[in-house]
Protein chains: 2
Amino acid sequence: MYKKPIIRLSRYKNALYRFKSLGLVRIFSDNLADAVGATAVQVRKDFSFFGITGNKRGGYLIEDLLSKVNEILGKDKITKVIVVGAGHLGSALMNYKGFPQLGIQIAAGFDIDPVKINRKAPIPIFPLDELRDFIRTHTIKVAVIAVPDIAAQQVFNIMISEGITGIVNFAPLRLKTDKKCAVHNVNLGLELETIIYFANALEKENHEDGHFKS
Amino acid sequence: MYKKPIIRLSRYKNALYRFKSLGLVRIFSDNLADAVGATAVQVRKDFSFFGITGNKRGGYLIEDLLSKVNEILGKDKITKVIVVGAGHLGSALMNYKGFPQLGIQIAAGFDIDPVKINRKAPIPIFPLDELRDFIRTHTIKVAVIAVPDIAAQQVFNIMISEGITGIVNFAPLRLKTDKKCAVHNVNLGLELETIIYFANALEKENHEDGHFKS
DNA sequence: TAAATTTTGTTATTTTTTTCACATAAAATA
DNA sequence: TATTTTATGTGAAAAAAATAACAAAATTTA
């Protein structure tokens with residue numbers, strides 16, 4: 001399925017835009033590796049995997065590279081995304097400044113709390129009742145779930161039945177479906193837990209180092 | 001290094017607490033697999049990898065399993081964590097209800113904006129100036145970076161120099177580190193981009209299916 | 001122009017992760 | 001008690017991902 005190379009391709013793309021905005025025209029695998037935290041070999045390997053080639057000793061032309069990467073990632077058009085749940089996390093996403101550059105347009109937010117509704121805002125926030133209709137009339141294909149876990153499954157079901165094909169889910173539960181939909185679960189608690197494990201492992205290692213080596 | 005099994009172990013643990021709270025005593029690899037989106041074999045393989053065994057045909061005693069998993073994950077004590085940046089995302093994290101159960105205590109937040117400072121709140125928010133001192137006096141080892149990208153590197157440097165060993169970074173840039181600190185970069189924009197890629201791939205697949213098969 | 005250097009691109013190798021296949025123990029049933 | 005059923009546990013195989021090794025092209029330098 002080759003998931004990791006795809007993810008890195010997105011990272012390369014973002015780095016490329018940054019390099020481009022600095023006025024650079026040409027880039028080396030080494031620079032890209034530094035920018036995304038990979039190795040130069042890995043960058044070239046990824047490119048090779050997707051059939052992208054550069055110039056021996058000359059690196060890559062940023063413009064060429066961008067158009068190839070964008071083609072592979074299907075970023076030739078703007079993707080409309082909705083965010084369901086306008087709490088802290090939902091707001092954080094809706095206020096994320098980087099989306100336009102990524103070809104992502106947050107089309108609307110939804111919330112069950114009447115206080116949060118604001119149809120006139122730059123990114124309007126509608127009541128949850130209107131979710132189904134909005135997805136249908138705007139042919140939304142990608143959505144973010146940022147509601148409490150009790151509400152998540154219900155929201156998810158609406159999305160699935162309306163033909164959403166990609167969901168990033170921030171509610172700490174695993175959403176189930178038989179339908180064809182890519183679901184990416186992001187669990188903020190888990191991210192912290194995982195890093196705590198590795199932090200502890202490092203702590204131990206450091207102490208052992210201190211004991212045995214120095 | 002075997003990173004994936006560790007991450008799943010955290011997921012199993014959380015699922016186990018949920019099962020336990022439902023009054024269950026015994027659990028099967030199959031149930032755990034469903035709960036975390038893995039397969040039953042994978043669950044058993046993971047357990048086998050960490051030397052955890054159950055009872056043939058009898059599944060696993062939740063209580064036993066939890067104590068073993070917690071031991072492996074080093075969750076016998078509470079980990080104090082600080083959150084730097086009290087914007088939308090930082091607030092989302094500080095308000096996350098699930099942390100106490102995970103043995104995580106958000107000890108404090110930090111922000112550069114004077115308006116956000118609140119020393120009396122349940123989770124106090126201090127000015128950024130006091131970050132270094134706080135880490136030192138409270139021997140903080142794990143931190144979250146939820147500041148804009150321009151501020152991230154500076155915050156990171158303070159953390160590293162004060163001996164933080166685990167960082168979850170939400171700023172959309174890659175923080176460089178030596179071996180002494182585990183950094184996990186979470187890029188919300190990238191999460192969306194990745195799911196858009198897979199959503200598009202599914203769209204295409206569905207259309208092809210419609211064309212060739214039905 | 002020849003040699004040295006730099007950087008890509010690819011093949012081979014290793015490591016990590018997932019899946020498959022099936023033996024084995026415990027419990028249930030006949 | 002013998003048979004069948006249900007799960008676990010693990011060795012082997014396959015797939016995915018990361019790393020290593022090095023040939024080849026382009027450029028620079030001598």
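The chains referred to below are lettered A, B, ... by the order of the sequence lines, with proteins before strands, and numbering in each begins at 1. What you see is a predicted model, and the numbers here were worked out from it, not measured in a lab.
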Check your understanding: What orientation do A:Tyr60 and A:Phe47 show, parallel under 30°, tilted 30 to 60°, or perpendicular over 60°?
Key -> perpendicular
Review point. Please give, in whole Å, the distance from C:dT11 P to A:Phe49 CZ?
Key: 14 Å
Study note, to complete from the structure: Residue pair B:Asn55/A:Thr39 against DNA chain D: nearer the 5' end by closest nucleotide is B:Asn55
Revision key, fill the gap. Which of C:dA26, C:dT7, C:dT10 is nearest the side chain of A:Arg57? It is C:dT7
Study note, to complete from the structure: note: B:Asp46, atom CG; C:dT19, atom P; distance rounded to Å ~ 11 Å
Exercise for review: Let me know the distance between NZ of B:Lys4 and P of D:dA16, rounded to the nearest Å.
Suggested key: 12 Å
Revision key, fill the gap. B:Lys45 NZ to D:dG11 P, in whole Å, measures 8 Å
Revision key, fill the gap. To the nearest angstrom, the CZ-C1' distance between B:Phe47 and D:dG9 comes to 12 Å
Check your understanding: How is A:Lys3 classified with respect to the nucleic acid when contacts are heavy atoms under 4.0 Å: base, sugar-phosphate, or nothing?
Key -> sugar-phosphate
Point to revise | Closest nucleotide among C:dT19, D:dA18, D:dA21 to the A:Gln42 side chain | key: D:dA18
Review point. Atom OH of B:Tyr12 and atom P of D:dT8: how far apart are they, to the nearest Å?
Key: 12 Å
Check your understanding: Can you name the nearest heavy-atom pair linking B:Ile82 to B:Ala107, along with the distance?
Key -> CG2-CB, 4.4 Å
**Study point:** Minimum-distance nucleotide (side-chain atoms of A:Lys56 versus D:dT10, D:dA24, D:dA20)
**Key:** D:dA24
Check your understanding: Side chain of B:Pro5: nearest nucleotide among C:dA26, C:dT17, D:dA26?
Key -> C:dT17
Review point. More than 12 foreign heavy atoms under 6.0 Å from NZ of A:Lys80: is that the case here?
Key: yes
Practice item. Quick one: label B:Arg8 by what it contacts on the DNA or RNA (base, sugar-phosphate, nothing), any heavy atom closer than 4.0 Å. Key: sugar-phosphate
Practice item. For the pair B:His138 and B:Phe134, name the ring-plane relationship: parallel under 30°, tilted 30 to 60°, perpendicular over 60°. Key: parallel
Check your understanding: Are any of A:Ser48's side-chain N or O atoms less than 4.0 Å away from OP1 or OP2 of C:dT10?
Key -> yes
Exercise for review: Choose from D:dA25, D:dA21, D:dA7 the nucleotide whose nearest atom is closest to any side-chain atom of B:Phe28.
Suggested key: D:dA7
Check your understanding: Reckon A:Asp30 touches a base, only the sugar-phosphate, or nothing at all at heavy-atom distances under 4.0 Å?
Key -> nothing
Check your understanding: Are any of A:Ser29's side-chain N or O atoms less than 4.0 Å away from OP1 or OP2 of C:dT8?
Key -> yes
Exercise for review: Indicate whether any N or O donor in one side chain lies under 3.5 Å from an N or O acceptor in the other, for A:Gln42 and A:Asp46.
Suggested key: no
Practice item. Check every atom of D:dA20, D:dA17, C:dT16 against the side chain of B:Tyr2 and return the nucleotide holding the closest atom. Key: C:dT16
Revision key, fill the gap. Taken to the nearest whole Å, OH/A:Tyr60 to P/D:dA26 is 14 Å
Practice item. In whole angstrom, give the distance that lies between atom CG of A:Leu61 and atom C1' of C:dT8. Key: 14 Å
Review point. Looking for any heavy atom pair under 4.0 Å, which part of the strands does B:Gly58 touch: base, sugar-phosphate only, or nothing?
Key: nothing
Point to revise | Distance-only polar pair, side chains of B:Glu193 and B:Asn187, donor-acceptor under 3.5 Å | key: no
Review point. Within the pair B:Arg44 and D:dT8, is there a side-chain N or O less than 4.0 Å away from OP1 or OP2?
Key: yes
